[in-house]
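To start, the structure under review is shown below, and the notes come after it.
Everything quoted here is computed from the prediction, not taken from an experiment. FYI, side chains are in, hydrogens and waters are out, and symmetry mates aren't considered; it's all heavy atoms of this structure. Just so it is clear: chains get the letters A, B, ... in the order the sequence lines come, proteins before strands, and each one is counted from 1.
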Protein chains: 2
Amino acid sequence: MATIYDIAKEAGVSAATVSKVLNGKTDVGAKTSERVKKIASELNYHPNSIARGLATKKSDTIGVFFQDHLNTGFRHPFLQDVLASFKDTIGKNGYDLIFFANDHPDNQMETFEARAKNRHVDGLFLLGVPRTDPNLFSLVQSGIPCMSVDLDLIGPNASYITSDNVGGAQKAVDYLVEMGHEDIAFISDVFATKPGQDRLMGFKTAMEKHRLPILTKWIIASDFSEKGGYLSTLKILESDHLPTAIFCAGDMMAIGAMEAITEKGLKIGKDISIIGFDDIKLLNYVKPSLTTIRQKKDIMGEMAADELLKLMNDSNYFPSPLSIETELVIRSTVIRRGTTKSTDDSIEV
Amino acid sequence: MATIYDIAKEAGVSAATVSKVLNGKTDVGAKTSERVKKIASELNYHPNSIARGLATKKSDTIGVFFQDHLNTGFRHPFLQDVLASFKDTIGKNGYDLIFFANDHPDNQMETFEARAKNRHVDGLFLLGVPRTDPNLFSLVQSGIPCMSVDLDLIGPNASYITSDNVGGAQKAVDYLVEMGHEDIAFISDVFATKPGQDRLMGFKTAMEKHRLPILTKWIIASDFSEKGGYLSTLKILESDHLPTAIFCAGDMMAIGAMEAITEKGLKIGKDISIIGFDDIKLLNYVKPSLTTIRQKKDIMGEMAADELLKLMNDSNYFPSPLSIETELVIRSTVIRRGTTKSTDDSIEV
DNA sequence: ACAATTTTCGAAACCGCTTTCGTAAATGTG
DNA sequence: CACATTTACGAAAGCGGTTTCGAAAATTGT
């Protein structure tokens, strides 16, 4: 590997000059500059970012902590899309991504702060990290620029992005009501994530707005998984008084809900309508096609990247949380009801 | 940020000694060692891996190039699973992953070799990189330890892993024949990837083994996408003589094929059987459930990691390509045929 | 032609850690 | 107790860059 010293010797200049040329500084003559560049390429020179990083205290690197409750690696349907989009826009700005291994053998290295400082990342992107993680506090204190999604990190150098989950949940309920539903169940979030709580809040306020009853037996906390949705729905279906619609706080749970419903011999839509949340790609393949509230994943990733860039480059910038509008995506799992209440359900079964 | 010098001063020893303590070298006394450790933790010391990397020329980092023809970011259904598994096992060995941005703004940084050397990664993992990439040659020459999946990299420090695609394709044909099929179409790979070519070869040899005709109009090259499978199948269905089974070199194409078939008013299985390749997670959600040849993604990722570790740590190790057995997964899209040839097709349509 | 600027370049310190090698102290041996 | 070994520690060089600051050289002005 050629170094700047090799180039310097070959060109008859000092290493300092080579460094300047390669970094486009202005205080170097035109012909020397040319000569140096030529020799650099002849020698197949590649800058060593490690050495540079040591000198500049920058690494052009963003650290990523990608965990999730279900430990699905890169397979989390929603976060994965946000991450892909984040990667694209941060990459265009010259940053590579470093993914921290989830279980590092060196137990000195257990905190976010330790890992980040060790790798000298310029910024951090957190996905799927539980709010309850005890190391979050010291992270925010550390002053490392941090962006997270769906996790309410706040500090002078930390911010986060979420969908407008309250509003999204309201859209869902509004639509259900508009379609004539009044007996609405909600499958919510057992982890107390920020989006989960917000969706629950949105659900409740919308129900109150429409003067509809909120039954505790119809609010079931689950884990965002397909199986969770399935089990929760089974529980709902045990009762003799059935809701006409189920709103699931995540699409995977909605998929599970649909399975439970068909398994019980009921027809989705006709007997019980379903609406989800997220609009994950998988929905293109499930039948019947699920009506849901879309999160704009691409935009979220992009905005998260832009915000992190600001956090890193402008020390005066004081962030505030970013909220992205959702969209109602009407497909086929919500069907209009007559105003008469669910008496015909029993006939259908 | 505390450095080893801070610790050294505080402990009344030299930086060299601190370094030794922190790295568990043996030539340091017990009480000094204790004192240093204590002070290190008091000072909330975190080692700076950049500085260490400069000194040791190691980075405990694996570079990842994750591209794919369809540019799906982290969303590639097969590679994503392999990667997740790779990450887990390489992570347990203390390596973090660095993902190179796909389009770096600095055009000096376009080759794999340049990027890898710049970041001083200890090894490289390539996924979805097209065989035709002109920079592959210099990469292998560079001597950087490289592991790839489905890309036939070979060299003293480079190797790759694939499924036994030839064998897998044979299993598919064998099964089809066993189920009474003789008129078999194959949707193959237009990119001339290693797995694509191998599956084609497996298909052909199996057909020959069974003394079945290989019709060129029934071998259609496509792009592994759902849409590609759909269009290819449409083309096959144009003819008046239809195959009784279609073997798709990838599950996504098989999904597209199923759409085309139902769209044409035919019944999957009853009229035309379908078998795919990969067994991607998505198959849990498509109906009817696709019979396919499973690639053992978890094992592939794990073995790729182990092999890369050998490549990095044992300079005498000379690699040979890794091949993993596939499994036939019988679900419901292949249906038994009578031995009488496809005369009843026309009746069914 | 001489002073005043401006441009171009390099010496040297530094970033934080590792590693070799020599030396001083501690320990063992007879 | 004299001598041979071990053990414990540190000085210094090095990893490959960046950056400050001063000086020499080139340019400008009058």
Side-chain angles (χ1 to χ4, degrees), chain A residues 1-37 39-40 43-61 94 106 108-109 114 116-122, chain B residues 1-37 39-40 43-61 106 108-109 114-122:
Chain A
M1 283 290 287
T3 72
I4 54 169
Y5 292 96
D6 300 326
I7 300 175
K9 188 190 296 180
E10 187 75 13
V13 296
S14 77
T17 301
V18 175
S19 172
K20 287 173 186 169
V21 171
L22 267 21
N23 289 299
K25 305 281 182 186
T26 55
D27 68 336
V28 48
K31 43 288 160 118
T32 3
S33 174
E34 280 315 308
R35 186 155 34 96
V36 167
K37 282 181 187 162
I39 294 177
L43 262 41
N44 192 26
Y45 170 77
H46 299 303
N48 179 333
S49 71
I50 300 283
R52 171 194 295 225
L54 187 56
T56 59
K57 292 166 169 303
K58 289 210 9 138
S59 63
D60 290 329
T61 269
D106 180 355
Q108 296 282 337
M109 295 281 97
K117 288 195 169 169
N118 172 54
R119 288 290 185 198
H120 256 226
V121 298
D122 297 334
Chain B
M1 284 291 286
T3 71
I4 55 170
Y5 291 97
D6 300 326
I7 300 176
K9 189 189 296 178
E10 187 74 12
V13 298
S14 77
T17 301
V18 175
S19 171
K20 288 172 186 169
V21 172
L22 267 22
N23 289 300
K25 305 282 182 185
T26 54
D27 67 338
V28 49
K31 44 279 156 129
T32 1
S33 174
E34 280 316 307
R35 187 154 32 97
V36 167
K37 281 180 188 163
I39 294 179
L43 261 40
N44 193 25
Y45 169 78
H46 299 303
N48 179 333
S49 71
I50 301 282
R52 169 193 297 222
L54 187 56
T56 59
K57 294 169 167 301
K58 290 210 7 137
S59 63
D60 290 329
T61 268
D106 179 355
Q108 296 281 336
M109 293 282 97
R115 308 287 300 278
K117 289 197 169 169
N118 173 54
R119 288 291 185 198
H120 256 227
V121 298
D122 297 334

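- Each of B:Lys57 and B:Ser33 lies near DNA chain D, and the nucleotide nearest B:Ser33 is the one positioned closer to the 5' end.
- Place B:Ser49 and A:Tyr5 on DNA chain C by their nearest nucleotides, and A:Tyr5 ends up nearer the 5' end.
- B:Ser33 pairs with exactly one of B:Lys31, B:Arg35, B:Lys37 by the side chain to side chain contact (heavy atoms under 4.5 Å, CB included) rule, that one being B:Lys37.
- When atom types are taken as modelled, the side chain of B:Asn118 and the backbone of B:Ala114 share no donor-acceptor pair closer than 3.5 angstrom.
- Atom CD1 of A:Ile50 and atom NE2 of A:His120 lie 11.0 Å apart (nearest 0.5 Å).
- Residues of residues 11-19 of chain A that place a heavy atom closer than 4.0 Å to DNA chain C, in numerical order, are A:Gly12, A:Val13, A:Ser14, A:Ala16, A:Thr17.
- Closest approach of A:His46 to A:Met1, counting heavy atoms only: O-CE, 3.8 Å.
- Atom NZ of B:Lys31 and atom P of D:dT7 are 13 Å apart (whole Å).
- The number of heavy atoms from other shown groups lying within 6.0 Å of NZ (B:Lys25) does not exceed 12.
- Residue B:Lys20 is classed as a base contact, given a heavy-atom separation below 4.0 Å to a base.
- C:dG10 atom C1' lies 17 Å from atom NZ of A:Lys9, rounded to whole Å.
- When heavy atoms are screened at a 4.0 angstrom cut-off, B:Thr32 is found touching the sugar-phosphate backbone but no base atom.
- Dashed line: the shortest gap from a side-chain N or O of B:Tyr45 to OP1 or OP2 of C:dC17 is under 4.0 Å.
- A:Lys58 comes within 4.0 angstrom of no nucleic acid atom, judged by non-hydrogen atoms across all strands.
- Backbone-only engagement by B:Lys25 is indicated by non-hydrogen atom pairs under 4.0 Å involving sugar-phosphate atoms exclusively.
- Side-chain proximity of A:Ala55 to C:dT18, D:dG17, D:dC15: nearest is D:dG17.
- Nucleotide C:dG16 holds its C1' atom 18 Å from the CZ atom of A:Arg52, rounded to whole Å.
- Among all heavy-atom pairs drawn from A:Asp122 and A:Ser59, the shortest one is OD1-N, 3.0 Å.
- Atom CG of B:Leu43 and atom P of C:dG16 are 14 Å apart (whole Å).
- In this structure, A:Asp6 atom CG and D:dG17 atom C1' are separated by 13 Å, rounded to whole Å.
- In this structure, CG of B:Asp27 is placed 17 Å from P of C:dA25, rounded to the nearest angstrom.
- Heavy atoms of A:Asn48 sit under 4.0 angstrom from primed sugar atoms or phosphate atoms, though from no base atom.
- If you take CE of A:Met1 and P of D:dC15, they are 14 Å apart, rounded to a whole angstrom.
- Within a 6.0 Å sphere centred on NZ of A:Lys9, other residues, nucleotides and ligands contribute 12 heavy atoms or fewer.
- One interatomic measurement links the two molecules: CG of B:Leu54 to P of C:dC15, which rounds to 14 Å at whole-angstrom precision.
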